[in-house]
Amino acid sequence: MNNKYFPKWLGPVFVGLYIATTTKHVLEGKLSVGSFLATINILRGIAGQFSDLYKILMELNVLVGPLRSLVHLLNMPTEVPIHKKTFDERREMTRRARASMNHGSIGGVVEDAIPLKIVNMRMTFKSDVT
């Protein structure tokens, strides 16, 4: 059964069930014809509103998968602690290098005179060409 036809059939089914179960009361005079017809119109209106709601829920259902993926990605651990540790280590190295320099003999910005160091540098390249 196609999802698009479910709300279209649901209203007439309920109206048909109501007619089938309540006609006896109308014929016996326990329920007025006006109340009977008014209830049928109310059921049709409710069915129409349900149809609109059902369409909205089907559209939302399509969005659940991508939203779940996005929430998973946003809740993954970040690299901030690793980068913070690296930053703190580099800041401490710079502080020690600055403290060991003779500031009086350097003209300009002291940090410009700190010698550059490259420590534990690795570079890899994986070629797909055979």
From [X] [atom1] over to [Y] [atom2], what is the distance, rounded to the nearest 0.5 angstrom?
X	Y	atom1	atom2	value
Phe87	Lys85	CZ	NZ	15.5 Å
Ile42	Leu37	CD1	CG	11.0 Å
Glu28	Thr23	CD	OG1	11.0 Å
Arg44	Gln49	CZ	CD	15.0 Å
Leu43	Leu17	CG	CG	10.0 Å
Met93	Glu89	CE	CD	8.5 Å

Crowding at CD, Glu92 (>12 non-hydrogen neighbours, <6.0 Å):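 Yes, CD of Glu92 has more than 12 neighbouring heavy atoms, counting only those of other groups under 6.0 Å.
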Contact between [X] and [Y] at the side-chain level, heavy atoms closer than 4.5 Å - yes or no?
X	Y	answer
Val64	Leu60	no
Phe14	Ile46	no
Leu57	Asn61	no

Evaluation steps, side-chain contact (heavy atoms from CB on, under 4.5 Å), between Ile19 and Phe36: CA-CA 8 Å; Ile19 292 171; Phe36 178 72; 4.0 Å; yes
Carboxylate-amine/guanidinium proximity below 4.0 Å for Asp88 and Arg91: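 The answer is yes: the pair qualifies as a salt bridge.
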Heavy-atom closest pair, residues Ala47 and Gly11: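 Shortest heavy-atom separation between Ala47 and Gly11 comes out as CB-CA, 3.3 Å.
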Please check: side-chain N/O of [X] versus main-chain N/O of [Y], any donor-acceptor pairing under 3.5 Å?
X	Y	value
Thr21	Tyr18	yes
Thr39	Ser35	yes
Asn75	Val71	yes

Salt bridge (charged side-chain N to carboxylate O under 4.0 Å, His left out) between Glu59 and Lys55, intermediate numbers included: CA-CA 6 Å; Glu59 290 173 5; Lys55 288 176 188 174; over 6 Å; no
Same apolar cluster (I L V M F W Y, side chains within < 4.5 Å links), Leu31/Val15: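 Shared cluster, yes.
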